[in-house]
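A short worksheet on the structure shown next.
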Amino acid sequence: MADMNWINEMEGRIPVGGVRTRFAPSPTGYMHVGNLRTALYTYLIARHYDGTFILRIEDTDQGRLVEGAVDVIYKTMRECGLSHDEGPDVGGPVAPYVQTQRKGFYIKYAQWLVERGHAYYCFCEKTESEEEEASFVRTADPCRNMSKEEVEAKLAAGMPYVIRQRIPEEGSVTFHDEIFGDITVECSTLDDQVLIKRDGLPTYNFANVVDDHMMGITHVVRGSEYLSSAPKYNLLYEGFGWNIPKYVHCSPVMRDAHNKMSKRHGDPSYEDLIAQGYLTEAVVNYVTLLGWSPRGEYAEQEIFTMDELIKVFDLQGISKSPAIFDIEKLRYFNSAYIRAMESEAFAKVAEPFIRQAVKNEAYDAAAIAAILQQRCEVLTDIPEKVDFFDELPEYEAELYIHKKSKTDIPGSLEMLKKMSAVFEATEDWSDENILTAMTDMAAAEGVKNAKVMWPVRIAIAGKAVTPGGAVEIARILGKEETLRRMAFGIEKLEKSL
C-alpha cells in the first residue's frame, strides 16, 4: 500500500508559482563543456524570469562517483558566478538535495504508481530493459498482468522484484519540447522500463522525474540525447496526474562535424581550459553562445557580461543544430577579455604565469603585466614571452639586421656604443627620459627612431618579438642591467665583424 499520508505531506511542500530550474550534475569528475552549458542555460532561464535556481546532486550511480567531484562542482559554479538559491549546502524548502539522501522517497512513489495502474511488480530474473537501439522488439512481460493476489503472495514470500513502468500497449504519446516542438512516438516502440531496481534504488529515469516534481521544477534543461526518453517521462507525469514541466533539449557540443566532445578523446573540461590560460568570464561567454544566439538589437553582439546575458537570454535563441567547439574562437574571446580588464585585475591573474619565468623579484610583476596586456591572448602564453627578463637568451648577431628599421651589424654596433654613453649619463631612469634619449639620438643622427630602438631592444631582450618596446623593457630591467646587456651586445657585434 502506498503511504498516502506521507505522499500528501510531500505534495504539500512543493513550491507553487514562479520559474524553478535545476542543475543536476552527477559527481563523476570534472565539469565538461556540455555540462557547463547546461548549468548556464538553467541558471539564465531562472534569473531571466526572476525565478529560483536549484543545485541537485545526482549520485545514485555509486560505481561512477569520483572522490572530490562534488567540491569541483561547487568550485566551478562559484567561479562562473552561478549562485544557486537552493541546494545541499544552502538548504531549501524541498531538501534534501542529494539523491542518495532521498532514496526512501522513490519506492513510496513507485508503490503509488502501481496502485494507479501505471506500474507493476516484476519478479522475472531478467530485470533490466530489453530495449536495444535499432533492434528493439517489444515482448510481453509475464508479470505485467499478474493478479493482485499473486503479487501480494510473491511479496509476502520475499521474492526479489523490480518495479516497471506500464507503457500502454497501443496508441502514441506526444510531448512538446521548447526547441524541437511537438514530437509523437508510438507506444509500441517503448519498453516497460525499470523504475525501482532489485536493491530498492531508483533508476536514473525515475528518480529524475520524481525529484523534478517534488522540487516544483518548471523548466527541465538537458541534452538532446534524452529526447528518446522524454515519451516515457511524459507517461510517468501523466500516470501520477502531475503537471509536465517545459522540456528544453539542447543539441550536443561537437569537437568537429562528426564527433561529440569527449574527455576520452582529450577534449578539455572547464578546469582544463582554466589551466590552459583562459579566463572564466571568457569561457562562460563563449560556452553560452555554443548553441544559443542573441536576437533583436543584440543579434550582432558577441561579448556579454553575466548581467547582460541574464537580460537577453531567451529560449527562442537556442538552436536545434549541434554547436562546434572552436578553440580559436575561444582564444579570440579570451584576448578580448584580457584587453578589456582593469590593469590591476590583469596584473593579479598574470602574476603566477609571469613568475613561472621571471623568478627575480627585483623585476616588478605588475610592470611586466602592463606591457603584456595588449599583446596576450591566453595566460599560458606569458612565460615564453617574458623569460628574457630573468636571463638574456642566446641569440645570433644576425638578429640586429632588420630591413624595415634599416639596421645592419656595423650600424647597430655604432648605435649601441653611442646609446650606452647616453644611458650612462641618464640619472632619472624613467620611460620619459629613456625615450627622449633615444629619439634625441635619432634626430642627431638624422635617422628614424627605429634605427636606434631596434638594436637597443635586441641587445636587452635577445628576441625579435617582445611584449613592450625598448623603452619599457629598459625601464623594467633597470639602468645597470640594461647597460650590462648592451655591453654584451657590443661585444657580440664586434666579434661578428
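Quick note: numbers below take in every heavy atom, side chains included, and nothing from hydrogens, waters or symmetry partners. Small disclaimer: the values here were computed from a predicted structure and weren't measured.
- The main-chain N or O of Pro245 is never found under 3.5 Å from a side-chain atom of Thr218 such that the two would form a donor-acceptor pair.
- Of the candidates Lys246, Arg22, Arg20, Arg22 is the only one forming a salt bridge (Lys or Arg N to Asp or Glu O under 4.0 Å) with Asp212.
- Atom CG of Asn243 sits in a sparse spot, with 12 or fewer heavy atoms from other residues, nucleotides or ligands closer than 6.0 Å.
- Scanning both residues, Val90 and Asp85, for their nearest heavy atoms gives CG2-O, 3.8 Å.
- With contacts defined as side-chain heavy-atom distances shorter than 4.5 Å, the pair Gln374/Phe346 does not qualify.
- Ring geometry, His84 versus Tyr74: the interplanar angle falls under 30°, so the pair is classed parallel (tilted spans 30 to 60°).
- Ser26 contributes a side-chain N or O that, together with a main-chain N or O of Glu58, makes up a donor-acceptor pair within less than 3.5 Å.
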For Met214 and Met10, what are the C-alpha separation, side-chain angles and deciding distance, and is it a side-chain contact (heavy atoms from CB on, under 4.5 Å)? CA-CA 7 Å; Met214 293 182 75; Met10 291 298 104; 3.8 Å; yes

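- Proximity of a side-chain donor or acceptor of His249 to a complementary backbone N or O of Arg222 within less than 3.5 Å is not detected.
- Atom CD of Glu391 is surrounded by 12 or fewer heavy atoms from other residues, nucleotides or ligands within 6.0 Å.
- Pro252 places a side-chain heavy atom less than 4.5 Å from the side chain of Ser224.
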Before giving the answer on salt bridge (charged side-chain N to carboxylate O under 4.0 Å, His left out), spell out for Asp381 and Arg331 the whole-Å C-alpha distance, their side-chain angles and the decisive distance to 0.1 Å. CA-CA 11 Å; Asp381 287 347; Arg331 195 176 178 95; 2.6 Å; yes

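- Nearest heavy-atom pair across Arg47 and Ser83 is NH2-O, 2.9 Å.
- Contact check for Lys232 versus Val173: no side-chain heavy atoms found under the 4.5 Å cut-off.
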Please determine whether salt bridge (charged side-chain N to carboxylate O under 4.0 Å, His left out) holds for the pair Arg116 and Glu238, giving the CA-CA distance in whole Å, both sets of side-chain angles, and the decisive distance to 0.1 Å. CA-CA 11 Å; Arg116 292 176 65 90; Glu238 291 173 357; over 6 Å; no

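- Scanning both residues, Phe304 and Val312, for their nearest heavy atoms gives CE2-CG2, 4.0 Å.
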Worked check of side-chain hydrogen bond (donor to acceptor under 3.5 Å, both in side chains) between Glu150 and Ser147: CA-CA 5 Å; Glu150 287 178 286; Ser147 70; 3.1 Å; yes

Start with the C-alpha gap between Asp326 and Tyr286, add the side-chain angles, then the distance that decides, and say whether side-chain contact (heavy atoms from CB on, under 4.5 Å) holds. CA-CA 10 Å; Asp326 182 350; Tyr286 178 63; 3.5 Å; yes

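- For the residue pair Tyr270 / Thr280, a side-chain donor-acceptor distance below 3.5 Å is found, with atom types taken as modelled.
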Go through the steps for Tyr120 and Val162 under the test side-chain contact (heavy atoms from CB on, under 4.5 Å), then give the verdict. CA-CA 8 Å; Tyr120 61 93; Val162 300; over 6 Å; no

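- For Gln316, the CD atom counts as densely surrounded, since its 6.0 Å shell holds more than 12 non-hydrogen atoms of other residues, nucleotides or ligands.
- Side-chain atoms of Asp387 never come within 3.5 Å of backbone atoms of Ala357 as a donor-acceptor pair (strictly under, hydrogens ignored).
- Put simply, the side chain of Cys250 reaches to within 4.5 Å of the side chain of Arg37, judged on heavy atoms.
- No donor-acceptor pair closer than 3.5 Å links the side chain of Glu351 to the backbone N or O of Lys348.
- Tyr278 is linked by a ring-ring contact (aromatic ring centres under 6.0 Å, His included) to nothing, counting only residues two or more places apart in sequence or in another chain.
- Looking at Asn285, its side chain does come within 3.5 Å of a backbone N or O of Glu302 through a donor-acceptor pair.
- Met215 approaches Pro15 most closely through the heavy-atom pair O-CD, 4.2 Å.
- Here the straight-line distance linking atom NZ of Lys385 with atom OG1 of Thr380 works out to 10.5 Å at 0.5 Å rounding.
- When all heavy atoms of Gln99 and Ala207 are compared, the pair lying nearest together is NE2-CB, 3.5 Å.
- Ile45 contributes atom CD1, which lies 4.5 Å from atom CG of Leu315 (distance to the nearest 0.5 angstrom).
- Once rounded to the nearest 0.5 Å, the distance linking CD of Gln193 with CD1 of Ile163 reads 13.0 Å.
- Aromatic pair Tyr247/Tyr233: ring centres not closer than 6.0 Å.
- Here the options are Asp192, Asp191, Asp141, the test is side-chain hydrogen bond (donor to acceptor under 3.5 Å, both in side chains), and the partner is Arg164; only Asp141 passes.
- Using a 4.5 Å heavy-atom threshold, the side chains of Ile476 and Asp364 count as separate.
- Side-chain atoms of Asp390 come within 3.5 Å of backbone atoms of Asn360 as a donor-acceptor pair (strictly under, hydrogens ignored).
- Under the 4.5 Å side-chain criterion, counting only non-hydrogen atoms from C-beta, Ser269 is not in contact with Val33.
- Of the inter-residue distances, the one linking Ile196 atom CD1 with Cys122 atom SG reads 13.5 Å to the nearest 0.5 angstrom.
- Of all the heavy atoms in Ile73 and Pro27, the pair that sits closest is CD1-CA, 4.1 Å.
- Taking the side chain as every heavy atom from C-beta outward, Phe105 and Trp6 approach each other to under 4.5 Å.
- Asp211 places none of its side-chain heavy atoms less than 4.5 Å from the side chain of Ile217.
- Rounded to the nearest 0.5 angstrom, Leu235 CG and Gln165 CD are separated by 6.0 Å.
- One finds the CG atom of Asp89 at 9.5 Å from the CZ atom of Arg78 (value rounded to the nearest 0.5 Å).
- By the neighbour-count criterion of 12 heavy atoms within 6.0 Å, atom OH of Tyr30 is sparsely surrounded, having that number or fewer from other residues, nucleotides or ligands.
- Here the side chain of Asn8 pairs a donor or acceptor atom with the backbone of Met4 at under 3.5 angstrom.
- The aromatic rings of Trp242 and Trp112 sit tilted, their planes meeting at an angle between 30° and 60°.
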Leu82 and Met306: side-chain contact (heavy atoms from CB on, under 4.5 Å), yes or no, with the steps? CA-CA 10 Å; Leu82 306 181; Met306 182 62 82; 4.0 Å; yes

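- With respect to Glu115 and Lys148, no salt bridge is recorded, no charged nitrogen being found less than 4.0 Å from a carboxylate O.
- Lys75 has a carboxylate O that lies under 4.0 Å from a charged side-chain N of Glu79, or vice versa, which qualifies the two as a salt bridge.
- Arg339 places no side-chain N or O within 3.5 Å of a backbone atom of Gln373 that could act as its donor or acceptor partner.
- Atom NZ of Lys103 is surrounded by 12 or fewer heavy atoms from other residues, nucleotides or ligands within 6.0 Å.
- Exactly one residue among Tyr43, Tyr49, Trp292 makes a side chain to side chain contact (heavy atoms under 4.5 Å, CB included) with Phe313. That residue is Trp292.
- In this structure, the side chain of Gln301 does not engage the main chain of Pro294 through any donor-acceptor pair within 3.5 Å.
- Donor-acceptor pairing under 3.5 Å is recorded for the side chains of Asp256 and Asn259.
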